[in-house]
Novice: 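Encoded as structure tokens, here's the structure I'll be asking about.
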Protein chains: 2
Amino acid sequence: MRERADLIPELAEIFREYGFEGASLAFITERTGLGKGSLYNFFPGGKAEMAGAVLEHISRWFEEDIFVPLEQGGSLSEMLSHVKTYFAGGGRVCLVGMFALTETRDQFAVQIAAYFERWEVALVAYLVRQGKHPAEAQAGALDILVTIQGGLTLSRARNSPQYFLQGLKRLRQDYQG
Amino acid sequence: MRERADLIPELAEIFREYGFEGASLAFITERTGLGKGSLYNFFPGGKAEMAGAVLEHISRWFEEDIFVPLEQGGSLSEMLSHVKTYFAGGGRVCLVGMFALTETRDQFAVQIAAYFERWEVALVAYLVRQGKHPAEAQAGALDILVTIQGGLTLSRARNSPQYFLQGLKRLRQDYQG
DNA sequence: CAAATTGTGTACCATTTGGTACAAATGACA
DNA sequence: TGTCATTTGTACCAAATGGTACACAATTTG
């Protein structure tokens, strides 16, 4: 017997690999080893609720491990290290970015936008604390987000982590405090 | 009566909006106004062949309007302008990037990788011509691709073109010949 | 230990999916 | 004009889809 919380990381991995539409209920059943009964017991709203829970889980992780540290004295270098680990050095896809591009987007638009906005706010706070002017900090935050997202997309597309890794390297140089 | 070539841009727009899995045959028939008979007449391989044709069409456009000019004396600024127009200033999604992230990826992995590799080659050629050392040119090419892709993803996610537009602006500054 | 609660598997459902068959309409062309 | 190939709509199909119903097993809890 399992509980809902244990399932969420598994579901996250499944959606990461197959997308929202691509991950059929039949496949989710097979991969988790749970029947529909259990699945719909934990997530009465079906696939949509599963994906929602996964997004929430991701948001919480970033909130604790990335955003808050960034706002409370952590360094950018530290953040980039955590990000690098989280995305397996470019081998793991950003589920939020993926949902943002596909048809799933409308369904989760609010959570998707909130995730990136929150990240941006934390980055701006960090850069201002480093002595940058607000406009400069804003531009820097966008640059950092864009470089991470783009690196992940291209690393996936070319099946090579170099895009992601080199992006992180440049960010370290350009924004070292 | 229509012909195959006219259909491809329509299909491209449909896939862009709904993704590969999300664009059902029923919807494609409705949107194009063509029955399955016509669709399967032009694309006997079904949806997969439609998407393949769309990717090929996109590749050809970039080859002629982006890659070749870049290798034959065009400026980076010129390329960035074309790219900006093509992606509607950040309002249009990169279909190749989208396919790269979703489950569709395996099916079209070769075309997806080739598209970005080709772009990278053209950029390296341009930067070397500008007097950069090969390693520097390579790093610059990756940076440019990453910034464009990331900008598109984030602009879509936040429903705001600023990520894409500011990325382009930075590229203009950092790589002006 | 009994009773309520929670978790689980299976059988089932209507709907939608991508795809096929084929006859009728349309066009090019001699 | 008559022939032939292409184009088109419709009716069909098996398989897969997300979802529900429900009986049974495992827990908690009084």
Novice: Would you call the rings of B:Phe99 and B:Phe15 parallel, tilted or perpendicular, taking 30° and 60° as the class edges?
Specialist: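 Ring orientation of B:Phe99 relative to B:Phe15: perpendicular.
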Novice: Between the two end axes of the helix from C:dC1-D:dG30 to C:dA30-D:dT1, each built from 5 base pairs, what angle do you get to the nearest 10°?
Specialist: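 Inter-axis angle at the ends, rounded: 20°.
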Novice: What is the distance, to the nearest angstrom, from the OH atom on A:Tyr18 to the P atom on D:dT17?
Specialist: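 It is 13 Å, rounded to the nearest whole Å.
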Novice: Is it true that B:Tyr86 and B:Asp65 share a donor-acceptor pair across their side chains at a distance under 3.5 Å?
Specialist: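 There is no such pair between these side chains.
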Novice: Along nucleotides 25-30 of chain D, 5' to 3', which nucleotides get a B, which get an S, and which get a -, given that the test is a protein heavy-atom distance under 4.0 Å?
Specialist: -SS---
Novice: Would you mind reporting whether B:Leu80 and B:Tyr175 have side-chain heavy atoms less than 4.5 Å apart?
Specialist: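 Heavy-atom side-chain distance check fails, nothing below 4.5 Å.
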Novice: If we ignore angles and hydrogens, is there a donor and acceptor under 3.5 Å between the side chains of B:Ser77 and B:Ser75?
Specialist: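 No, B:Ser75 and B:Ser77 have no side-chain donor paired with an acceptor closer than 3.5 Å.
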Novice: For nucleotides 18-24 of chain C, read 5' to 3', which letter fits each nucleotide if B means a protein heavy atom sits under 4.0 Å from the base, S means only the sugar-phosphate is that close, and - means neither?
Specialist: BBB----
Novice: N/O contacts under 3.5 Å, protein versus nucleotides 28-30 of chain C?
Specialist:
none

Novice: Just say parallel, tilted or perpendicular for the rings of B:Tyr18 and B:Phe27, cut-offs at 30° and 60°.
Specialist: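 Tilted.
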Novice: Under 4.0 Å between a side-chain N/O of B:Asn41 and OP1 or OP2 of D:dT7, yes or no?
Specialist: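 Looking at the OP1 and OP2 atoms of D:dT7, one of them is under 4.0 Å from a side-chain N or O of B:Asn41.
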Novice: Send over the distance from A:Ile28 CD1 to D:dG19 C1', rounded to a whole Å.
Specialist: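 About 13 Å, once rounded to whole Å.
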Novice: Ring-plane angle category for B:Phe20 and B:Phe108, please: parallel below 30°, perpendicular beyond 60°, tilted otherwise.
Specialist: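 Plane angle over 60°, so perpendicular.
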Novice: By salt bridge (Lys or Arg N to Asp or Glu O under 4.0 Å), which residues pair with A:Glu21, not counting sequence neighbours?
Specialist: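 With neighbours one apart ignored, the set is empty.
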Novice: Whole-Å distance between C:dG7 C1' and A:Asp6 CG?
Specialist: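 Computing the A:Asp6:CG to C:dG7:C1' distance gives 13 Å.
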Novice: Ignoring hydrogens and angles, state whether a donor on the side chain of A:Ser81 or A:Arg172 is under 3.5 Å from an acceptor on the partner side chain.
Specialist: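 Yes.
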Novice: Please determine which of B:Thr102, B:Leu152, B:Leu101 meets the side-chain contact (heavy atoms from CB on, under 4.5 Å) test together with A:Leu101.
Specialist: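 That would be B:Leu101.
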Novice: DNA chain C: B:Phe27 or A:Glu3, which has the more 5' nearest nucleotide?
Specialist: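 Its nearest nucleotide lies further toward 5', so the answer is A:Glu3.
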Novice: Between B:Glu63 and B:Arg118, does at least one N-O distance fall below 4.0 Å, as a salt bridge requires?
Specialist: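 Yes, B:Glu63 and B:Arg118 are salt-bridged.
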Novice: Starting at CZ of B:Arg2 and ending at P of C:dT26, how long is that distance when rounded to a whole Å?
Specialist: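 Going from CZ in B:Arg2 over to P in C:dT26 covers 16 Å.
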Novice: Output yes when A:Glu56 and A:Arg60 qualify as a salt bridge under the 4.0 Å nitrogen-oxygen rule, no when they do not.
Specialist: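 Here A:Glu56 pairs with A:Arg60 in a salt bridge, since their nearest N and O are under 4.0 Å apart.
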Novice: Charged N to carboxylate O under 4.0 angstrom, A:Arg92 versus A:Glu13?
Specialist: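 Salt bridge flag = yes for A:Glu13 with A:Arg92.
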Novice: Between A:Leu39 (CG) and C:dG9 (C1'), how many Å, whole number?
Specialist: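 Taking CG of A:Leu39 and C1' of C:dG9, I get 12 Å after rounding.
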Novice: If we check side-chain contact (heavy atoms from CB on, under 4.5 Å) with A:Met50, which of these qualifies: A:Leu55, A:Leu25, A:Ile8?
Specialist: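 Exactly one candidate clears the test, A:Leu25.
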Novice: Under 3.5 Å, which donor-acceptor pairs link side chains of residues 123-139 of chain A to any protein atom two or more places apart or in another chain?
Specialist:
residue, atom, partner, partner atom, Å
A:Tyr126, OH, A:Leu76, N, 3.2
A:Arg129, NH2, A:Leu70, O, 2.4
A:Gln138, NE2, A:Glu120, OE2, 2.8

Novice: D:dT7 P sits how many Å from B:Leu7 CG, rounded?
Specialist: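 It works out to 11 Å between those atoms.
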Novice: Just how far, in rounded Å, is C1' of D:dG18 from CZ of A:Phe43?
Specialist: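 So the two atoms are 16 Å apart, to the nearest Å.
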